[in-house]
Amino acid sequence: MAEQDTNDACVLPNMPALPRDAKEISRSLQHYLEYHLGRFLGCDRSYLYESLAYTVRDRIMSDWRNTWCLYKRDGVRRAHYLSLEFLIGRSLGNHLLNLEMQQPVDSALKDLAVSLEEIRDAEPDAGLGNGGLGRLAACFLDSCATLRLPVTGYGLRYEYGMFQQHIENGYQIEDPDHWLRDGHPWEVERPEYTQVVKFRGHTQHFTDPQGKSFVRWVDSEDVLAVPYDVPVSGYRNKIVNTLRLWSASATAEFNLGEFNAGDYAESVASKNQAENITMVLYPNDANENGKELRLRQQYFLTSASLQDVFRQWSDRPLSQFADCNVFQLNDTHPSIAVAEMMRILLDDPDKRLSWHEAWKITCSCMAYTNHTLLPEALERWPVRLFQSLLPRLLEIIYEINAQFLAVVRQRWPGDIERVRRMSLIEEGPDPQVRMAWLAIVGSFSVNGVAALHSDLLVKGLFKDFYELWPEKFNNKTNGVTPRRWLAMANPPLAELLSEQLGEGWQADLGQLARMRPLAEEGGPAFFERWRAIRAANKQRLAALVLQQTGVTFDPSALFDIQVKRIHEYKRQLLNLLHVIHLYNRIRRGDTDNWVNRCVLIGGKAAPGYQRAKEIIKLINNVAAMINSDPAVGDRLKLVFLPNYGVTKMMTICPAADLSEQISTAGKEASGTGNMKFMMNGSVTIGTYDGANIEIMDAVGEDNFFLFGLRAEDIKALRGAYRPRSYVDDDPDLAQVIGLLESDHFSGMEPGLFRGILDSLMSPDDPWMTLADFRSYVDAQRRVEECWRNPEQWTRMSIRNCAASGGFSTDRTISEYNNEIWHLAPLA
Ligand code: 26Q
């Protein structure tokens with residue numbers, strides 16, 4: 001492996017920036033098309049996309065290199081964002097916005113008689129994430145570059161991203177997402193920085209002549225980690241950060257050994273096993289817990305990334321390492337980093353620090369973000385799996401635990417129960433390593449992702465640790481990048497904002513507050529303009545809905561939208577019960593002052609999550625009945641939009657009137673879709689949960705439709721919850737449940753939705769859906785009253801947009817930096 005090549009040292013003369021005018025862009029595009037790809041104008045759009053992507057990438061290169069050189073200056077403190085997921089979506093439009101290349105590219109393409117729209121649509125989404133957590137990582141990188149912070153993302157280059165969803169007979173079908181099939185023009189392979197990651201084998205303990213003990217991890221099965229770098233451009237600031245994605249590759253030796261022993265098939269099989277590591281993104285699925293390949297992925301990312309950071313560490317004393325490096329762990333997925341860092345500092349022949357020295361460094365540079373309170377999502381790995389796959393790391397975890405429990409015993413002498421609770425090892429017939437505990441013990445900072453969530457963490461799940469180390473715990477409320485989610489997703493609104501505020505809002509979203517007076521005194525012309533923008537966006541979404549589902553949405557109706565992963569705690573079922581209730585009202589003629597409504601639900605169910613898949617089927621069956629009932633007509637439409645993802649959201653969120661954020665209180669850590677909708681002028685109907693609370697605080701109760709039990713009510717109700725009583729006391733609910741019980745939506749399959757019905761009616765239903773039905777229906781009535789007054793609705797829409805300035809990831813990242821990372825912005 002090249003230790004430090006000239007690329008690292010940054011000694012080459014400065015690269016001149018390439019011209020960005022229309023003529024040069026057109027020339028370069030044609031050059032790539034004809035001389036590189038061997039195609040001509042008029043070819044398939046994907047080649048035009050590829051040529052344009054290379055043209056744009058060329059124009060990023062000099063800034064990318066210069067940014068890298070700034071990093072490499074001695075003493076620059078850097079952060080490393082470790083995440084198993086980066087849900088990037090498309091990149092072309094993002095770079096065009098950041099590099100101010102939209103106009104020249106537009107005119108270059110006009111000359112070539114091709115449309116930018118069409119070329120844009122040829123780019124596949126980089127879907128390297130499940131949902132919120134992965135998209136948050138992508139928004140964070142955008143804000144880090146925009147804020148000029150030296151932050152590198154480290155992730156995995158999955159061959160297959162998040163599965164593609166299509167619907168057959170109302171059921172979700174998963175298709176593999178081979179997003180790399182036509183290549184990935186944004187990435188640069190850097191094999192010279194390949195790292196070796198060890199698995200299996202065993203450890204040998206030695207003592208050197210000076211009496212110092214050390215450990216070797218031998219007879220391991222090694223896998224190569226090859227980095228692919230993706231540029232992350234900042235907003236109009238010449239900063240280009242790096243997302244480094246690792247791809248697994250078999251080592252040459254590894255194959256040859258077995259090959260020479262005459263076992264060709266074995267050697268190919270082990271090559272496959274090595275390369276399987278980065279084959280596919282795991283869906284967020286309780287059924288996938290404990291899978292060995294997932295632990296391999298986690299260690300592969302972590303080990304390769306840490307080794308890469310140490311490779312870049314010059315000959316300065318390691319005691320200064322934590323002054324120059326901080327690692328942010330995106331959930332517990334990369335939390336093995338705590339033990340891996342210890343391994344490197346203890347075992348690496350040119351380091352071999354004492355335990356005390358190594359631990360001090362490790363704990364000074366790790367920081368952990370928690371994204372969930374759901375107990376089933378808390379990662380645990382069987383000790384026996386660790387023992388066979390990562391034997392050296394298990395030894396280190398045991399030692400960390402021994403030292404940590406000594407601290408606990410000293411603080412709470414005789415409190416055996418507490419020691420048992422806080423141990424990194426959960427005892428039992430099949431002992432488990434508790435990854436969240438490892439992350440907390442090894443980090444100097446632990447944060448939740450919204451105020452309520454962080455509060456519930458220290459009062460519940462992390463209570464013992466909070467009592468021991470209150471200073472470690474903090475909150476960092478999530479955000480979303482306004483470049484993608486406002487400027488790119490909603491060009492007409494962006495234009496209006498720039499007219500009113502100047503361009504500054506794009507990198508300083510707090511400026512949106514200056515729109516607030518327009519909600520009160522904007523005048524009819526301004527209101528009309530606002531409504532026209534929204535109408536155009538709704539028209540765009542209606543076209544997408546028609547094309548994808550065959551259902552016609554009338555843009556004058558209320559667009560009522562819930563898009564997110566399908567999960568019981570997110571309560572798509574509550575939404576559906578309301579839709580069925582509206583359907584009942586139509587059928588019984590209770591339609592005075594009716595508000596026409598188009599309900600859109602979208603999201604993927606984890607492939608092994610049966611109940612979530614049944615929910616999709618029920619949505620589709622209800623939709624088929626409502627949409628084909630002539631008695632319903634335009635009053636009510638329901639669609640399930642297939643294959644929801646980043647790019648679809650860019651059409652959806654600017655077109656939503658009503659944003660559904662209706663999780664069981666205390667269950668949604670933050671939510672980020674809620675912020676995208678708000679920023680674009682949707683009004684939220686939501687529970688007192690996650691970041692909804694902060695959204696409501698920012699916009700005011702009068703501009704938010706709040707309903708439902710609070711987290712403490714939910715907790716208090718446990719054990720005393722009687723869903724039957726809600727049905728008995730509420731004729732509307734009784735009618736809805738009656739339809740489900742009578743198989744009204746089951747087609748030719750009686751009992752099809754028995755499981756759903758039983759879960760709703762169970763006193764043990766953790767999501768307490770029926771408890772919130774009445775309050776939700778009442779809130780929807782308030783929505784309708786408000787909608788009937790277009791003036792009032794528009795005012796609320798403007799107020800929501802104006803109050804969304806705090807939900808930019810620029811604010812979130814500034815907080816991470818001021819309170820955790822302490823990086824100096826690049827000059
Ligand atoms: C775990 C084990 C095995 C395989 C996969 C996983 C896995 C993968 C992804 C577990 C969890 C995730 C993702 C979780 C997630 O997206 N959480 C969401 O994070 C958002 C950003 O903080 C919050 O806004 C959401 O509230 C939270 O649900």
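All ligand and atom numbering here is 1-based and tracks the order in the structure.
- Closest protein heavy atom to atom 9 (C) of ligand 1: Glu85 OE2, 3.2 Å.
- Neither side chain, Gln661 nor Ser663, offers a donor N or O lying under 3.5 Å from an acceptor on the other.
- Residue contact check: Tyr569 has heavy atoms under 4.0 Å from atoms 28 (O) of ligand 1.
- A donor-acceptor pair under 3.5 Å links the side-chain atoms of Ser454 to the main chain of Ala450, judged by distance alone.
- Ranking the protein heavy atoms by distance from atom 2 (C) of ligand 1 puts Asn289 OD1, 3.3 Å first.
- For atom 26 (O) of ligand 1, the nearest protein heavy atom (residue, atom name, distance) is Glu668 OE1, 2.6 Å.
- One finds a salt bridge joining Asp142 and Arg483 here, because a Lys/Arg side-chain nitrogen approaches an Asp/Glu carboxylate oxygen to under 4.0 Å.
- Considering only non-hydrogen protein atoms, atom 5 (C) of ligand 1 sits nearest to Pro283 O, 3.5 Å.
- Looking from atom 16 (O) of ligand 1 to the surrounding protein, the closest heavy atom is Leu133 N, 2.9 Å.
- Residue-level proximity to ligand 1 for Asp331 is absent, since no heavy atom of it falls below 4.0 angstrom.
- Gln328 places no side-chain N or O within donor-acceptor distance of the main-chain N or O of Leu82, the cut-off being under 3.5 Å.
- Ligand 1 places these atoms under 4.0 Å from at least one heavy atom of Ala669: 26 (O).
- Among all protein heavy atoms, the one lying closest to atom 22 (O) of ligand 1 is His371 ND1, 2.6 Å.
- For Arg710 and Asp689, the salt-bridge test fails: no basic side-chain N is under 4.0 Å from an acidic carboxylate O.
- Put simply, the side chain of Arg811 never gets that close to the backbone of Gly805: no donor and acceptor are under 3.5 Å apart.
- Nearest protein heavy-atom neighbour of atom 1 (C) of ligand 1: Arg294 NH2, 3.9 Å.
- Remark: side-chain polar atoms of Lys613 are paired, donor with acceptor, to backbone N or O of Pro607 under 3.5 angstrom.
- Near Tyr282, the atoms of ligand 1 lying under 4.0 angstrom from a non-hydrogen atom of the residue are 4 (C).
- Near Val449, meaning under 4.0 Å from one of its heavy atoms, ligand 1 places the atoms 22 (O).
- In summary, Lys198 and Glu221 do not engage in a salt bridge, as defined by a charged side-chain N under 4.0 Å from a carboxylate O.
- Under a 4.0 Å N-O distance rule, the pair Glu668/Arg565 does not qualify as a salt bridge.
- Asn284 ND2, 3.7 Å is the protein heavy atom nearest to atom 13 (C) of ligand 1.
- Under the 4.0 Å criterion applied to side-chain N and carboxylate O atoms, Glu614 and Arg611 are assigned as salt-bridge partners.
- Salt bridge status for Lys476 with Glu815: absent, with no side-chain N to carboxylate O gap under 4.0 Å.
- Neither the backbone nor the side chain of Lys291 comes within 4.0 Å of ligand 1, counting heavy atoms alone.
- The residue from Gly132, Ser663, Gly671 that puts a heavy atom closest to atom 23 (C) of ligand 1 is Gly671.
- Look at Glu379 and you'll find every heavy atom at least 4.0 Å from all atoms of ligand 1.
- Numbered from 1 in the order shown, with element, the atoms of ligand 1 that lie under 4.0 Å from a heavy atom of Asn130 read 8 (C), 9 (C).
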